[in-house]
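This report concerns only the one structure given below.
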There are 4 protein chains.
Amino acid sequence: MARQKKMDEAEMLKETEKLLLERGYEGFSFKALSANLDIARSTIYEYYSHKDDLITDYMFILVKKVMDEMEKIKSETTGLDTMKEWLKLFMRYDQVHYMISMRSQLDQSESEIARNRLKQMDGLHGKMFFMLSNQVKKAKELGEVRDDLPNELVASFFFHSILSRPANDENIEGWANKLNDIIENGVRPHKES
Amino acid sequence: MARQKKMDEAEMLKETEKLLLERGYEGFSFKALSANLDIARSTIYEYYSHKDDLITDYMFILVKKVMDEMEKIKSETTGLDTMKEWLKLFMRYDQVHYMISMRSQLDQSESEIARNRLKQMDGLHGKMFFMLSNQVKKAKELGEVRDDLPNELVASFFFHSILSRPANDENIEGWANKLNDIIENGVRPHKES
Amino acid sequence: MARQKKMDEAEMLKETEKLLLERGYEGFSFKALSANLDIARSTIYEYYSHKDDLITDYMFILVKKVMDEMEKIKSETTGLDTMKEWLKLFMRYDQVHYMISMRSQLDQSESEIARNRLKQMDGLHGKMFFMLSNQVKKAKELGEVRDDLPNELVASFFFHSILSRPANDENIEGWANKLNDIIENGVRPHKES
Amino acid sequence: MARQKKMDEAEMLKETEKLLLERGYEGFSFKALSANLDIARSTIYEYYSHKDDLITDYMFILVKKVMDEMEKIKSETTGLDTMKEWLKLFMRYDQVHYMISMRSQLDQSESEIARNRLKQMDGLHGKMFFMLSNQVKKAKELGEVRDDLPNELVASFFFHSILSRPANDENIEGWANKLNDIIENGVRPHKES
DNA sequence: AATGAATGAGATTTCATTCAT
DNA sequence: AATGAATGAAATCTCATTCAT
């Protein structure tokens, strides 16, 4: 995995993220990366022997970070509150959605290391969804979620809802609340109101 | 090999869609396309002189088709019912979401034709969101949607909700109903129930 | 040689000249030609089965035309007067110089017909220079040209002098006179004047 | 095959010249060049990212070299003597004429670098003609050139005269003298002789 | 550790040319 | 005669990757 070298690997991953977001998998190249980092192209190979190794490494670290923060949040909150905090977390890491859409292109990678890391990532991803679903289950037990809805569907709803961005990105907190509100209460006027 | 047989352009677009979904923008190549269609690579250039021309043509036709069906549905239904039918429509055309994520890579296309078609597409896309938002507004007037939610946010919710797929894709109709139910009523148990 | 067809072959050659002058041998293509003539690309093949056949045909006809006019002028004038009239002729057909510079690229043509026509052209070309040199010889006999100059060199001087164009192309006749004056009398002031 | 051995850029330009003279702009290809240099085609792209970049680089260097030698000659001679030495210089660099005829094909080059270098070249070219004309003016002041001839026309005559090659290329010096003699004194016998 | 140099494989694209109608 | 359709060959160019220093 080639960690802890002298060259600032964190910067390398940061720049990788930037390039991936800007240009997508196809536009991402060691040529561009080395130019942005102002190092020789061949130097990157001292750290990652394949393009896909770097990309999957970046992706894995990203998902891992999200997971870790999810765990932390889970230990501090309960029920739908946890879900709401997770929602905010997903907002902060909204690249994840883009990376997921990119993932499929890596499936046929020639690098075994990359393919292996993808499997690990899928594992994490699965775990993440399990956590989400499980939290829904707990919220149901607390009476916070309707019993007639499949856990996975509700979980997925929280995860994808952040794709609905308001035109003006102003207030993250307010946006999170709105999203959460819709998911919890729906768009119909409440009966009693 | 079948000289003189006029190429079936519909088939070409079909195969284009297939390849784009399978491999993404980067993986899509005239080489692969020509192999799948069993024609010479250069033959494709008789129809589309740039790779991006073909891709944007496919995308435009796709969005147009969705738009047309949206119009039709709109003329037959009202209020949230319209939204629900649109939801089902989005499910049938769920490639649209993938294509949207691909769109950004086409921005710097060297083909002017492609760039123009992208502009047209953006126009259609804008119109589509306007229709969605407008329908939300009408639903509000019918008292079907809470007044405190921004039209665009609700619209966007309908559009993106279909990304929440149940594990087992069995029952499209059932799934659509569930999604719609969540959006309309939220995941919390109703107070009175 | 496929002459006398219904399609206006003269127009085809005219357009060929235009394209060759505009874009050079490399830029000339049946694709562009057919577009300019508003006919199908394949139609051109009814007249010329190879690109180089058309080009060499055009060139040959051009050189032939110049030759014919040279002959005519020769029959009407004598000595340096003939040379002067030829000079004007070369001005009217100044494409010839461009075509000559293009000629070498055709040497390795795959079309035997084209290679043969090149040989014919070279023959004409040789004949043309023979006529020029011969006329110089006759002018010498008339005492109009210095005896110490090689005929070929003087001949060549007349032929190439038209490449010296005045900045403002205004007056062709005046220009011709100036050129002729320099060739005949040189740029030094005359001793007795 | 000789990895790591730094490419000799001078040799690259030499071979470029050879190919351009042999085959013209159209016949010139990186494939042929790489074969002649016994390197991989892609290696050339490490030095010049566009075909036209290489060609214009070569051309610019060529014109620059001629200019520099012109300047040197100018500082050592005066009047028509300078012109005569320049004439010999043009003979040594007679490729220049071929390159000029090629120039127009580069006008629509897609490479901005190439287009820029063309502009620089045009600048040099303009300067060169200015030097020529200016030298004619000085020769006039010395009484060596007739006052009734436009400077530019005389200048152009010197420049193009070298296209008149004697059949047998034997004696460069003798040829130069003949050309110069014609330009200075004309082809007519002198009155007093 | 880092890098300059070189390369091979492949992608996009253009055209001359053929052939059936 | 004329044309629509298809094709093969080649050219330009881009990169991931290797290797010697």
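Keep in mind that the numbers below use all heavy atoms, side chains included, and drop hydrogens, waters and symmetry copies. In what follows, chains are A, B, ... by sequence order, proteins preceding strands, each numbered from 1.
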Walking DNA chain F from its 5' end, the first of D:E46 and C:D38 to be reached, judged by nearest nucleotide, is C:D38
>> Strictly distance-based, threshold 3.5 Å: is any side-chain N or O of A:K51 a donor or acceptor partner for the main-chain N or O of A:F28?
In response: yes
note: D:L106, atom CG; F:dT12, atom P; distance rounded to Å ~ 13 Å
From the candidates E:dG8, F:dT3, E:dA6, the one with an atom nearest any side-chain atom of D:T43 is E:dA6
Stems in DNA chain F, runs of 3 or more consecutive Watson-Crick or G-U wobble pairs with both distances under 3.5 Å, sorted by first number, are E:2-21 with F:2-21
How about D:F30 and D:Y45: are their ring centroids closer than 6.0 Å?
-> yes
- Item | Any side-chain donor near an acceptor of the partner, B:D52 and B:Y25, under 3.5 Å | yes
C:D52 atom CG is separated from E:dC15 atom P, nearest whole Å, by 15 Å
Taken to the nearest whole Å, CZ/A:F30 to C1'/E:dA2 is 15 Å
Ranking D:S49 and D:K31 by the position along DNA chain F of their nearest nucleotide, the one closer to 5' is D:K31
### Message
If we count only N and O atoms by modelled type, under 3.5 Å, do the side chains of A:Y58 and A:D53 hold a donor and an acceptor together?
### Response
no
inquiry  = Looking only at the side chains, is there a donor atom on one of C:Y98 and C:E17 sitting less than 3.5 Å from an acceptor on the other?
reply    = no
Ranking C:R41 and B:R41 by the position along DNA chain E of their nearest nucleotide, the one closer to 5' is B:R41
Could you tell me whether D:Y48 contacts a base, only the sugar-phosphate backbone, or nothing, with contacts defined as non-hydrogen atoms closer than 4.0 Å? nothing
ask   = Does a salt bridge link D:K14 with D:E11, judged by any charged N lying under 4.0 Å from a carboxylate O?
value = no
Between CD of A:E26 and C1' of F:dT14 the distance, given in whole Å, is 11 Å
Which of F:dC13, E:dA16, E:dT12 is nearest the side chain of B:S29? It is E:dT12
message: Under 4.0 Å, counting only non-hydrogen atoms across every strand here, what does C:S42 touch: a base, just sugar-phosphate, or nothing?
response: base
Please determine whether a side-chain nitrogen of the Lys or Arg among D:R103 and D:D122 lies less than 4.0 Å from a carboxylate oxygen of the Asp or Glu. yes
If you look at every strand shown and take non-hydrogen atoms under 4.0 Å, does D:Y45 touch a base, only sugar-phosphate, or nothing? base
Between CD of D:E110 and P of F:dT14 the distance, given in whole Å, is 11 Å
Do any N or O atoms from the side chain of A:R115 and from the backbone of A:Q108 form a donor-acceptor pair under 3.5 angstrom? no
Rounded to whole Å, CZ of D:F28 lies from C1' of F:dA10 at a distance of 16 Å
From CD1 of A:I39 across to P of E:dG4 the rounded distance in Å is 11 Å
Separation of F:dC13 atom C1' from D:L33 atom CG, nearest Å, is 15 Å
Does a side-chain N or O of D:H50 approach OP1 or OP2 of F:dT12 to a distance below 4.0 Å, or not? no
Of the listed F:dA5, F:dA2, E:dT3, the closest approach to the B:Y47 side chain comes from F:dA5
